[in-house]
Chemist: 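Sending over a structure as structure tokens; questions will come in a sec.
Just so you know, residue 1 is the first one in the sequence shown, and it goes up from there. Note: hydrogens, waters and symmetry copies are ignored here, and every other heavy atom, side chains too, is used.
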Amino acid sequence: MNSDIIRLLPDSVANQIAAGEVIQRPASVIKELVENAVDAGATAITIILKDAGRTLIQVVDNGSGMSPTDARMAFERHATSKIRTADDLYSLHSMGFRGEALPSIAAVAQIDLRTMRHDDTIGTRLLLSESKFESQEPASCVPGTNLMVKNLFFHMPARRKFLKKDSIELGHIMREFERLALVNTDIDFTLIHNDITLHQFRHGTLKERISALFGKSVGGTVAPVATETSLVKIDGFIGMPRNAKKRGAQQFFFVNGRNMRHPFFHKTVMRCYEQLIPVDAQPSYFINFQVDPSTIDVNIHPQKNEVKFEHEAAISQILEAGIRETLGRTQAAGALDFDPGDVPDIPLFNPDSATSAPSEAFDENYNPFADTSETPKSSTYVSRPSAPRVPHDWQKLYENFSRERGDALENIEVPADDNFGEQPASGTVSLGDGAFGILSPQLPAETSGETASFFQADSQYIVTRSRSGIMVIMQRRAHIRILYERYMGLLAEGNMPSQQLLFTEDMELSPLQSSVLEANMERMTKLGFALKHNGSTRWSVTAMPAPLQGVGALEIVHSLIEDMTEQEDDSSRRRLMEPLALALASASAIKSRQPLSDAEIDSLVAELFRCAEPSFTPDGLPVMIILGYEELSRRFCPMN
């Protein structure tokens, strides 16, 4: 009996195993093919997509091309022109080097390759399917390479089923395209999806490429970083603190012309922005490192997007010094900056012009306390805006101020303890008129016969007492929790009521944002938005959800687009509703440091304690804290 059980896998099976690591989605195919085109010396690359890469991914370049033999060998596993020995791994100047990308792609798709070298008079055409060679024949084509990947994962239903919807996959493609275009600014790029040109720009500087990809609004708000030592040369751009975003910030690291992720360097950048931006904001940055190839290792991840540095700590210090120097310089200049668009035109001084002294007549008989509705008949009377007349009955003016504040909180008592998040008061959220609604809920009792007394501190905190200490509520987070549960209720019931805008609001989106919005029009309509596509990437908002009560529509639409772009799975309706409700609540909640009247404070606190979870915002931030009496005693205790 033969007991040998270990077998050598066929090449086709080995290629499919490798494809599981290298080729995860259409964006992975584009990355590998474009990097091959860059290594071939291309100066112009065109990417053509159908159905977000499911049906077709075509990459056309004007690089060196391949001979018929090289074209056939390129699809053999571990066949590469980039390295010869193991030592070459430590002096890499090319993007690819493993020889796994093309055979992995051929294992999960159908391949149609046409290529020709610049000195040849005729090229070659090669057809493969599931790693199986079908045909190769001479073909007339232009110098360079034209490679078509058709029907990705066509023979792997499980892999194809787990591809996301087209808008999600296109989002991944666009992000990969951004990284490739930023690191190769000397190459002309064109991106076409379903016969629509999403991007087309010529070679240029990094700043020009940033503006071409993300808009002039981003390109005009970055500052250059440049420093050079014997270890590393660092250059690029960083965003100004005032332009930091809570989401959607553009953050890119490059090393020797290669994209990379580096959490340690990211922490270094964020450390430079401490005390300059809110804790939940992110700055944009586009930073390139030039180092000796022998001091880095790029062969640690199948997709080659992680890099290890030999002198990581030293480079981090150099990076921090360069960013702090730029921020210090630009922050000082920014303090003197102003918007010239708001400056009134001042006429030039003319010494020959005649100047007359200003004069203004007045009414000698004018009495501001006179009870008369007649206008004085004096010819010297100067017309002015009428002021409200003071009533004779002064007591009526102060009637509302003599009322005790306790009347507004007649049924509200402070929490029994500081753990009120575990046993919230029951009840449904009221959608009364005004910013907070009309409420009179009951809260857990602290002491019988006593009512809560609230006051505002620093225009952003609401302070009261509790059984175990002093309770401090952050008013904006409290309002976000209230509005979140309100919007979740509306979304669960069905369509959001819509309010027509008197004046439409126009916006220019990126190609990715425009495609995502177009794919989610039905969802936007259910949310209460009405949008009009004005061609290309221009849109107009004509109606918005009625509960927003005049909050800026464009800010909310952009936030929702970000949510829909990042949403991976739409199998759960609630998972779709939660980020949308949070975006609406965050955009329409009261701002920090907004003064509130006593009635608004009372109503806000009352509605907060009717929420299902009043202690935290939907994204987990604390709404309130308790400063205990023991802590107060400790602080006032005399030092021994």
Chemist: To the nearest 0.5 Å, tell me how far Ile234 CD1 sits from Leu319 CG.
Modeler: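 Going from the CD1 atom of Ile234 to the CG atom of Leu319 covers 5.0 Å.
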
Chemist: Using side-chain heavy atoms (C-beta onward) and a distance below 4.5 Å, is Ile30 in contact with Ile47?
Modeler: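 Yes, close enough: below the 4.5 Å cut-off.
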
Chemist: Nearest 0.5 angstrom please: Met260 CE to Asn288 CG, how far?
Modeler: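 Interatomic distance, Met260 CE to Asn288 CG, rounded to 0.5 Å: 8.5 Å.
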
Chemist: Restricting to non-hydrogen atoms, name the atom on Cys272 and the atom on Glu320 that form the minimum distance, rounded to 0.1 Å.
Modeler: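 Here Cys272 and Glu320 meet closest at SG-CG, 3.5 Å.
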
Chemist: Has the side chain of His193 got a donor or acceptor atom that lies under 3.5 Å from a matching backbone atom of Ala52?
Modeler: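 Yes; judged by distance alone, with no hydrogens or angles, the pair exists.
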
Chemist: Do the side chains of Phe252 and Glu178 get nearer than 4.5 Å, heavy atoms only?
Modeler: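 Glu178 vs Phe252: side chains touch.
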
Chemist: Provide the closest heavy-atom pair for Ala181 versus Leu213 in the form atom of the first, atom of the second, distance.
Modeler: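 Here Ala181 and Leu213 meet closest at CB-CD1, 4.1 Å.
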
Chemist: If you round to the nearest 0.5 Å, how far is CD of Gln475 from CG of Asp458?
Modeler: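 Interatomic distance, Asp458 CG to Gln475 CD, rounded to 0.5 Å: 9.5 Å.
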
Chemist: Spell out, as yes or no, whether a donor-acceptor pair under 3.5 Å connects the side chain of Thr115 to the backbone of Met66.
Modeler: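 Yes, because the side chain of Thr115 sits within donor-acceptor range (under 3.5 Å) of the backbone of Met66.
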
Chemist: Does the ring centre of Tyr285 sit less than 6.0 Å away from the ring centre of Phe253?
Modeler: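 For Phe253 and Tyr285, the ring centres are under 6.0 Å apart.
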
Chemist: Set out, in order, the CA-CA distance, both residues' side-chain angles and the distance that settles side-chain contact (heavy atoms from CB on, under 4.5 Å) for Ile210 and Val218, then state yes or no.
Modeler: CA-CA 7 Å; Ile210 292 171; Val218 175; 4.0 Å; yes

Chemist: Which value, rounded to the nearest 0.5 Å, describes the distance between Glu310 atom CD and Leu231 atom CG?
Modeler: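 Glu310 atom CD to Leu231 atom CG measures 9.0 Å (nearest 0.5 Å).
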
Chemist: Looking only at heavy atoms, which two atoms of Thr295 and Asp292 are closest? And how far apart?
Modeler: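 That closest heavy-atom pairing would be OG1-O, 2.6 Å.
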
Chemist: Can a salt bridge be assigned to the pair Arg271 and Glu274 using a cut-off of 4.0 Å between side-chain N and carboxylate O?
Modeler: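 No salt bridge links Arg271 with Glu274.
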
Chemist: Go through the steps for Ile173 and Leu49 under the test side-chain contact (heavy atoms from CB on, under 4.5 Å), then give the verdict.
Modeler: CA-CA 10 Å; Ile173 291 172; Leu49 306 171; 3.8 Å; yes

Chemist: In plain terms, say whether Asp70 and Arg72 are close enough for a salt bridge, that is, a side-chain N and a carboxylate O under 4.0 Å apart.
Modeler: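 Looking at Asp70 and Arg72, the cut-off is not met.
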
Chemist: Do Met507 and Leu517 come within less than 4.5 Å of each other through their side chains, counting heavy atoms only?
Modeler: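 They are in side-chain contact.
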
Chemist: Output, in order, the C-alpha distance, side-chain angles, deciding distance and verdict of side-chain contact (heavy atoms from CB on, under 4.5 Å) for Leu198 and Phe177.
Modeler: CA-CA 11 Å; Leu198 300 182; Phe177 178 80; over 6 Å; no

Chemist: Which residue, Arg175, Arg25, Arg160, forms the salt bridge (charged side-chain N to carboxylate O under 4.0 Å, His left out) with Glu169?
Modeler: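 That would be Arg25.
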
Chemist: Mark yes when over 12 heavy atoms from residues, nucleotides or ligands other than Lys267 sit less than 6.0 Å from its NZ; otherwise mark no.
Modeler: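 No.
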
Chemist: Given Ile287, which partner from the list Val269, Val255, Val225 fulfils the side-chain contact (heavy atoms from CB on, under 4.5 Å) test?
Modeler: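 One option only clears the test, and that one is Val269.
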
Chemist: For the pair Glu613 (side chain) and Ser615 (backbone), establish whether a donor and an acceptor sit closer than 3.5 Å, ignoring hydrogens and angles.
Modeler: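 Yes; judged by distance alone, with no hydrogens or angles, the pair exists.
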
Chemist: Treating Thr190 as the side-chain partner and Thr46 as the backbone partner, does any N or O pair qualify as donor plus acceptor under 3.5 Å?
Modeler: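 Not confirmed, Thr190 side chain does not pair with Thr46 backbone.
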
Chemist: Report yes or no: does Ser316 contribute a side-chain atom to a donor-acceptor pair with the main-chain N or O of Glu312 at less than 3.5 Å?
Modeler: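 No, the answer is negative, given that no donor and acceptor are paired below the 3.5 Å cut-off.
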
Chemist: So that I know where these two stand, are Phe264 and His266 an aromatic pair - ring centroids less than 6.0 Å apart?
Modeler: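 Ring-ring flag for Phe264/His266: false, centres at least 6.0 Å apart.
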
Chemist: Will you find, in the side chains of Asp186 and Thr43, an N or O donor that is under 3.5 Å from an N or O acceptor?
Modeler: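 No, no side-chain donor-acceptor contact under 3.5 Å.
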
Chemist: Of all heavy-atom pairs between Ala44 and Asn62, which one has the smallest distance, and what is that distance?
Modeler: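 Result for this residue pair: N-OD1, 3.1 Å.
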
Chemist: Would you confirm whether Arg209, through its side chain, and Arg202, through its main-chain N or O, come within 3.5 Å as a donor-acceptor pair?
Modeler: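 Indeed, once roles are kept as given, a pair shorter than 3.5 Å links the two residues.
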
Chemist: Look up atom CG in Asp112 and atom CG in Leu126, then write down how far apart they are to the nearest 0.5 Å.
Modeler: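 Output value for this atom pair is 8.5 Å.
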
Chemist: Centroid-to-centroid, His199 to Phe189, below 6.0 Å?
Modeler: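 Centroid distance His199-Phe189: not below 6.0 Å, so no.
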
Chemist: Side chains of Asn146 and Leu113: closer than 4.5 Å at any heavy-atom pair?
Modeler: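 No, every pair of side-chain atoms sits at 4.5 Å or beyond.
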
Chemist: In chain order, what residues pass the ring pair (Phe, Tyr, Trp, His ring centres under 6.0 Å) check against Phe237, with sequence neighbours excluded?
Modeler: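 Phe237: no ring pair (Phe, Tyr, Trp, His ring centres under 6.0 Å) contacts found.
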
Chemist: Would you call Ile168 and Asp166 a side-chain contact if the rule is heavy atoms closer than 4.5 Å?
Modeler: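 Result no, sub-4.5 Å side-chain heavy-atom pair not found.
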
Chemist: Under 6.0 Å between the ring centres of His262 and Phe309?
Modeler: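 Close enough - the centres of the two rings lie under 6.0 Å apart.
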
Chemist: Indicate the atoms forming the closest heavy-atom contact of His203 with Asp188, along with that distance.
Modeler: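 Nearest heavy atoms, His203 then Asp188: N-OD1, 2.7 Å.
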
Chemist: Considering only heavy atoms from C-beta outward, does the side chain of Val222 approach that of Ile238 to under 4.5 Å?
Modeler: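 Side-chain contact under 4.5 Å: no.
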
Chemist: Centroid separation under 6.0 Å, is that true for the rings of Phe265 and Phe289?
Modeler: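 Centroid distance Phe289-Phe265: below 6.0 Å, so yes.
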
Chemist: Counting C-beta onward and ignoring hydrogens, is there a side-chain heavy-atom pair between Gln282 and Met270 closer than 4.5 Å?
Modeler: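 Yes; the side chains approach each other to less than 4.5 Å.
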
Chemist: Which heavy atom in Tyr484 sits nearest to a heavy atom in Pro618, and how many Å separate them?
Modeler: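 For Tyr484 versus Pro618, the nearest heavy atoms are CG-CG, 3.2 Å.
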
Chemist: Looking at side-chain heavy atoms only, is the closest gap between Ile111 and Phe75 below 4.5 Å?
Modeler: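 Yes, side chains in contact.
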
Chemist: Between Asp297 and Val307, is the side-chain contact (heavy atoms from CB on, under 4.5 Å) condition met? List the steps.
Modeler: CA-CA 6 Å; Asp297 185 3; Val307 179; over 6 Å; no

Chemist: Please round to the nearest 0.5 Å and tell me the distance separating atom OG1 of Thr229 and atom CD1 of Ile315.
Modeler: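 The CD1 atom of Ile315 is 7.5 Å from OG1 of Thr229, to the nearest 0.5 Å.
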
Chemist: Donor-acceptor pair, distance only, cut-off 3.5 Å: does the side chain of Arg481 make one with the backbone of Val623?
Modeler: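 Side chain of Arg481 to backbone of Val623: no pair is present.
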
Chemist: Testing Val59, Ile23, Leu56, Leu33 for side-chain contact (heavy atoms from CB on, under 4.5 Å) with Val149, which one passes?
Modeler: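 For Val149, the side-chain contact (heavy atoms from CB on, under 4.5 Å) test succeeds with only one of Val59, Ile23, Leu56, Leu33, which is Leu33.
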
Chemist: Between the main-chain N or O of Thr205 and the side-chain N or O of Glu208, is there a donor-acceptor pair closer than 3.5 Å?
Modeler: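 At least one qualifying donor-acceptor pair exists.
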
Chemist: Any donor and acceptor pair, going by atom type alone, linking the side chain of Asp61 with main-chain N or O of Gly63 inside 3.5 Å?
Modeler: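 Yes: the side chain of Asp61 pairs with the backbone of Gly63.
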
Chemist: Taking Pro283's backbone N and O only, do any of them form a donor-acceptor pair with Asn243's side chain (distance below 3.5 Å, no angle check)?
Modeler: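 No: the side chain of Asn243 does not pair with the backbone of Pro283.
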
